[in-house]
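Beneath this line is the structure, given in structure tokens, with notes to follow.
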Amino acid sequence: MPELPEVEVVRRGLERWVAHRVVAGVEVLHPRAVRRHVAGGDDFTHRIEGHRIGVPSRRGKYLWLPLEETGQAILAHLGMSGQLLVQPVTAPAEKHLRIRVGFDDGLGTELRFVDQRTFGGLSLHDTTSDGLPDVIGHIARDPLDPLFDDDAFHRALRRKRTTVKRALLDQSLISGVGNIYADEALWRTRVHYERPTAGFTAPRTAELLGHVRDVMNEALSVGGTSFDSLYVNVNGESGYFDRSLDAYGREGLPCRRCGTPMARRPWMNRSSYFCPRCQRPPRASS
DNA sequence: CATATGTCCTGTATGC
DNA sequence: TGCATACAGGACATAT
């Protein structure tokens with residue numbers, strides 16, 4: 001569920017409610033939630049306790065909480081169904097509560113990682129000189145990062161022998177884009193998801209990047225996208241961008257540009273939504 | 001039974 | 001033939 005806008009909403013919540021607090025205790029309730037921490041749950045717990053959390057950062061769909069004066073950070077990925085919630089310590093445990101982080105202050109709240117499918121998780125890693133956790137060095141800058149290199153992205157697209165939606169979802173080319181925002185940006189650009197990237201012109205790439213940025217910023221301004229209570233901010237509240245989606249989930253509904261019924265195709269274990277008239281498939285594609 | 005918003009691993013193909 | 005690289009497809013866990 002969570003793509004860049006949803007993760008950024010969570011990051012902002014953590015900045016407000018968790019930054020600068022000192023960890024008192026950590027409880028790992030499900031080993032799969034810390035599987036990326038190779039040394040195990042006990043090691044994860046002991047290394048965090050007693051340290052102060054800095055200002056949360058994000059790249060693409062990854063976010064991390066620096067641990068001051070350790071050169072390390074708690075890295076989080078929400079996977080398909082993960083949530084980071086700030087809850088009253090007295091609140092009953094969620095059904096899929098996986099990790100609990102308590103603080104040494106009297107604020108009465110704690111940080112909880114809740115995840116139905118446990119595709120996501122937390123782990124602790126050394127940070128490199130730029131503050132990035134070392135294990136996400138392969139993740140490209142995201143399109144809202146001021147240092148994202150539009151021209152390098154275009155050249156990378158031209159080099160690839162793949163199709164445009166695959167490229168948008170390739171986190172080593174551009175990070176933060178998932179299935180929903182890929183379909184939205186492609187609809188706005190009037191490009192079919194199976195269009196080969198090798199033929200992209202510089203203006204076409206620039207237009208696509210512009211739409212990726214626009215749709216993400218619009219989603220961010222209304223708190224992200226959520227179809228049910230699965231995606232929420234740290235206070236458990238849903239965003240409203242689902243009301244503004246033009247492509248995703250609109251199979252059979254009229255295209256908001258031309259009125260043609262929107263189509264859905266199975267694609268990589270999920271779905272691609274597009275307008276069959278505005279987004280013509282390339283040759284030999286259905 | 002089909003579907004699910006992500007990432008990573010593995011097998012295969014390709015080219016030097 | 002050996003090796004490196006790029007790419008596509010599937011595994012992962014659980015719910016609706």
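Protein chains get the first letters and strands the later ones, always in sequence-line order, with residue 1 at the start of each. Just so it is clear, the values below take in all heavy atoms, side chains as well, and ignore hydrogens, waters and symmetry mates.
- Here, dT7(B) and dT16(C) have their C1' atoms 23 Å apart, quoted to the whole Å.
- Remark: Asp150(A) engages Arg213(A) in a salt bridge, criterion side-chain N to carboxylate O under 4.0 Å.
- The two residues Gly54(A) and Glu68(A) have their closest heavy-atom pair at CA-OE2, 3.8 Å.
- In DNA chain B, stems built from 3 or more consecutive Watson-Crick or G-U wobble pairs, each with both distances under 3.5 Å, span B:2-4 with C:14-16, B:6-16 with C:2-12.
- Comparing the same atom, C1', in dC7(C) and in dT5(B) gives a spacing of 23 Å after rounding to whole Å.
- Placement of Leu124(A) and Phe103(A) within a single hydrophobic cluster is found when ILVMFWY residues are connected by side-chain heavy-atom separations under 4.5 Å, directly or transitively.
- The gap from the P atom of dT10(B) to that of dA13(C) amounts to 15 Å, rounded to the nearest Å.
- Electrostatic pairing of Asp115(A) and Arg98(A) does not count as a salt bridge here, judged by no charged N lying under 4.0 Å from a carboxylate O.
- For the residue pair Tyr181(A) / Glu6(A), a side-chain donor-acceptor distance below 3.5 Å is found, with atom types taken as modelled.
- For Tyr248(A), a side-chain nitrogen or oxygen approaches OP1 or OP2 of dT5(B) to under 4.0 Å.
- A cation-pi arrangement, defined by a distance under 6.0 Å to the six-membered ring centre and an angle within 45 degrees of its axis, is absent between Arg256(A) and Trp187(A).
- Reading DNA chain C from its 5' end, the first and the last nucleotide to sit under 4.0 Å from a heavy atom of chain A are dC7(C) to dA15(C).
- Remark: Arg141(A) is not positioned above the aromatic ring of Phe148(A), lacking an NZ or CZ atom under 6.0 angstrom from the ring centre and at most 45 degrees off the axis.
- Using a 4.0 Å cut-off between charged side-chain N and carboxylate O, Glu3(A) and Lys61(A) make no salt bridge.
- Comparing His96(A) and Arg159(A) against DNA chain C, the residue whose closest nucleotide sits nearer the 5' end is Arg159(A).
- To the nearest angstrom, C1' of dA4(B) lies 16 Å from CG of Leu78(A).
- Between the CH2 atom of Trp267(A) and the C1' atom of dA4(B) there is a distance of 14 Å, rounded to whole Å.
- Ion pairing of Arg12(A) with Glu15(A) is absent here, as no side-chain N (NZ or NE/NH1/NH2) approaches a carboxylate O to less than 4.0 Å.
- Asn179(A) has its CG atom 10 Å from the C1' atom of dA4(B), to the nearest Å.
- Two rings, from His192(A) and Phe274(A), have their centers less than 6.0 Å apart.
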Given protein heavy atoms under 4.0 Å, the one-letter contact record of nucleotides 7-16 of chain B, with B base, S sugar-phosphate only and - none, is simply SS--------

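- When every heavy atom of Pro276(A) is checked against every heavy atom of Pro261(A), the shortest pair comes out as CD-O, 3.3 Å.
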